[in-house]
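Quick note on labels: first sequence line is chain A, next is B, and so on, each numbered from 1. Below, each value reflects all heavy atoms present in this structure, side chains not excepted, and no hydrogens, waters or symmetry copies.
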Amino acid sequence: MTTHPDRYGFYGKFGGAYIPEMLYANVEFLQQHYQQIIDSESFRKEFEYLLKDYAGRETPLYFAARLSEKYGASIYLKREDLCHTGAHKVNNTIGQILLASRLGKKRIIAETGAGQHGVATATVCALKGLECIVYMGETDMKRQALNVARMEMLGAKVMPATSGSKTLKDATNEAIRDWINHPEDTYYLIGSVVGPHPYPDMVAQFQSVISREIRQQLKEKTGSELPDYVIACVGGGSNAAGAFYHFLEDEDVKLVAVEAAGNGIESGESAATTQLGRIGILHGSKSLVMQTADGQVVEPYSISAGLDYPGIGPLHAHLFDTGRGIFLNATDKEALDAAFELARLEGIIPALESAHAVAALKKIKLKKEDKVVVNLSGRGDKDMATYLKYLPKQNG
Amino acid sequence: MNKIQQLFERKNQKVLSVYFTAGYPQPDDTGSILKALVDNGVDMIEIGMPYSDPVADGPVIEHASAIAIANGMTIKKLLSQLQELKIDSEVPLLLMGYLNPVIQYGFEKFCKDASEAGISGIILPDLPVREFRTDYMDIVKKYALSFVFLITPETSEARIREIDNLSEGFIYAVSSSSITGRSTDQAKKEAYFRRISEMQLKNPVVVGFGVRDKATFDQACRYLNGAISGTAYITQLNEGGKTIEEHTKAFVEMLR
């Protein structure tokens with residue numbers, strides 16, 4: 001299993017750049033220059049500096065003693081929830097904003113689901129003094145009102161996407177249209193390991209800091225760099241890509257991706273793409289896509305706005321296809337239960353997305369000597385309205 | 001020679017092509033729209049295959065696509081409508097849409113069935129040149145279809161020449177860097193048309209996106225071989241009060 005796609009952006013049969021000609025010049029330019037820019041010394045210095053002093057890295061790898069006792073294994077939480085802005089998303093937005101400024105772009109656009117990527121984009125645009133427009137589904141704007149307010153306070157303009165189910169897929173369509181209409185001055189800052197090549201690779205590289213740190217921290221704590229399991233939730237899959245990245249070639253490390261089952265795989269209200277999708281094209285890459293027999297992309301469902309996406313990054317489709325990744329899923333209810341359990345056992349309120357990863361602990365047969373890393377990709381502040389509705393049931 | 005190539009042999013200026021979305025306004029309007037367009041002297045027709053995520057299209061075509069999908073329009077249904085209609089006309093018909101529904105149908109089956117239903121060409125804006133060449137070109141040729149590529153003001157001269165070499169029919173010049181149904185800077189547009197015209201390509205070039213009235217049609221035809229109008233026609237069909245034939249007549253008269 002290699003970490004990089006081939007020169008055309010393919011991970012096995014997934015990836016590529018299926019884009020209309022209107023985007024070709026921009027995407028081709030990025031393809032030709034991204035690696036060279038990312039590898040340059042000035043870029044690396046600035047990226048490392050901002051990750052440390054601005055985003056607050058490294059994030060702790062916390063040994064969760066009570067959770068470990070409960071599940072009968074050594075469980076470590078990678079605390080991406082402690083990053084500035086509240087989730088791992090900022091690792092990528094810092095990287096891409098540095099790239100965008102080196103390309104001389106003045107106007108930044110982004111799509112967002114839960115609003116975490118939107119907030120992380122608005123944050124780095126404020127930091128660099130760049131204009132920021134965030135597309136967000138109208139439905140998501142309602143369920144994540146706090147994040148809308150945060151983006152606006154940071155000076156970004158939040159544009160509602162009003163087509164389809166008015167969620168992440170539709171916000172992504174609107175962002176792509178904006179990019180088509182503004183090819184010269186605009187940089188599209190994609191928030192996950194999706195989109196045309198080179199985005200999936202670029203975003204995975206920026207997020208790979210997560211697994212780089214896990215290896216070092218685990219070595220310090222246990223004497224070995226390698227855990228038995230790394231568990232992460234997957235919508236598009238950026239936090240999972242980051243948590244898996246430096247373990248992809250260590251075949252003994254089991255990489256567990258947890259998708260959102262919504263109300264259950266068979267319920268017709270789900271977002272578990274590997275279980276329900278087929279190979280197809282969505283948002284510029286070939287991957288697994290939830291779609292009808294006629295090839296219309298379907299509206300997914302999950303309680304978590306960040307996992308509510310009918311596709312999955314091509315790297316993950318490849319991990320699924322080759323069997324390198326173990327793909328599990330958790331329902332809304334299992335995720336909510338896991339969130340409350342983590343809150344009460346460890347004093348950590350996770351994002352609903354990350355709660356899906358925690359929920360997977362119940363689904364794996366763990367041994368006492370197993371070392372398990374759960375990537376806690378974000379914190380739960382943004383989800384308090386949802387948790388509040390569920391609170392009486394937990395206390396009753 | 002297919003009907004597209006024959007058309008440009010007969011006529012190489014002021015070619016008028018009209019786009020409509022199959023399944024809109026009503027699921028069974030395909031026949032009456034095609035008839036009205038042919039009867040009113042349109043030179044070429046592009047039939048849109050509706051898709052749930054049409055990122056290269058503006059709100060008008062996106063809306064028409066959503067309604068068409070809700071109306072139950074699919075590639076299968078469209079091709080069987082075309083089979084039944086048995087349109088006997090020299091006017092070339094093209095199918096335009098996005099790659100995903102086509103690969104779900106099966107690319108070769110799609111080409112075969114389309115060809116049998118009287119289709120002469122295919123436009124799939126999100127099928128890249130490289131993948132076309134490696135995976136699809138032979139199939140398209142086998143069924144004597146013309147695959148039509150898009151170029152934009154940002155497309156380099158080298159790439160336009162490459163596309164010209166791969167094309168057997170015409171090249172679709174997107175009039176500006178934009179989605180369908182938007183207006184843009186006129187002087188910039190003319191300079192672009194002139195540049196393409198001076199390249200002396202082997203294929204005719206037809207302008208699309210932003211062609212909505214006589215002025216924009218004439219502007220395109222001053223430099224290039226013709227123009228395609230879609231958003232404006234769909235908007236007209238949506239106005240109500242008239243039959244498809246009346247709308248189409250008024251629309252073609254307005255452009256010519």
side-chain contact (heavy atoms from CB on, under 4.5 Å) between A:Glu21 and B:Thr155: does it pass, once the steps are laid out? CA-CA 8 Å; A:Glu21 184 65 25; B:Thr155 309; 3.1 Å; yes

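Among A:Met22, A:Lys286, A:Arg177, the residue making the largest number of heavy-atom pairs under 4.5 Å with chain B is A:Arg177. For chain A, the option among B:His63, B:Lys76, B:Arg159 with the highest count of heavy-atom pairs below 4.5 Å is B:Arg159. Comparing B:Pro59, B:Ala66, B:Pro54 by heavy-atom pairs within less than 4.5 Å of chain A, the highest count is held by B:Pro54.
Heavy atoms closer than 4.5 Å to chain B are found in the backbone of A:Ile279, but not in its side chain. Proximity to chain A (any heavy atom under 4.5 Å) is shown, for B:Ala56, by both the backbone and the side chain. The parts of B:Val55 that come within reach of chain A are both its backbone and its side chain, each placing non-hydrogen atoms under 4.5 angstrom from that chain. If you measure heavy-atom distances from B:Glu154 to chain A, the contacts under 4.5 Å come from both the backbone and the side chain. There is no contact between A:Phe29 and chain B, counting heavy-atom distances below 4.5 Å. In this structure, no portion of B:Ile75 lies under 4.5 Å from any heavy atom of chain A. For B:Pro153, no part lies under 4.5 angstrom from a heavy atom of chain A.
Listed for the B:Gln104 side chain is no donor-acceptor partner under 3.5 Å among the backbone atoms of A:Thr292.
Scanning both residues, A:Gly295 and B:Asn100, for their nearest heavy atoms gives O-ND2, 3.0 Å. Annotation for B:Tyr51 and A:Ile281: closest pair OH-O, 3.5 Å, computed over non-hydrogen atoms. Considering all non-hydrogen atoms of both residues, A:His283 and B:Asp53 come closest at NE2-OD2, 4.4 Å. Contact between B:Leu99 and A:Tyr18 at its shortest, heavy atoms only, is CD2-CD2, 3.5 Å.
Considering only residues two or more places apart in sequence or on other chains, B:Ser167 meets the side chain to side chain contact (heavy atoms under 4.5 Å, CB included) condition with B:Phe149, B:Ile163, B:Ile171, B:Asn203. Residues meeting the side-chain hydrogen bond (donor to acceptor under 3.5 Å, both in side chains) test with B:Tyr136, sequence neighbours left out: none. Partners of A:Tyr301 under the ring pair (Phe, Tyr, Trp, His ring centres under 6.0 Å) rule, at least two apart in sequence or in another chain, do not exist in this structure.
Within 6.0 Å of the CD atom in A:Gln32, the count of heavy atoms belonging to other residues, nucleotides or ligands exceeds 12.
Taken from CD in A:Glu28 to OG in B:Ser156, the straight-line distance is 7.0 Å, to the nearest 0.5 Å. The distance from atom OG of B:Ser52 to atom CD of A:Glu299, rounded to the nearest 0.5 Å, is 7.5 Å. The CE atom of B:Met49 lies 12.5 Å from the CG atom of A:Asp294; values are rounded to the nearest 0.5 Å.
Scanning residues 111-133 of chain B against chain A with a 4.5 Å heavy-atom cutoff picks out B:Pro125, B:Asp126, B:Pro128, B:Arg130, B:Glu131, ordered by number.
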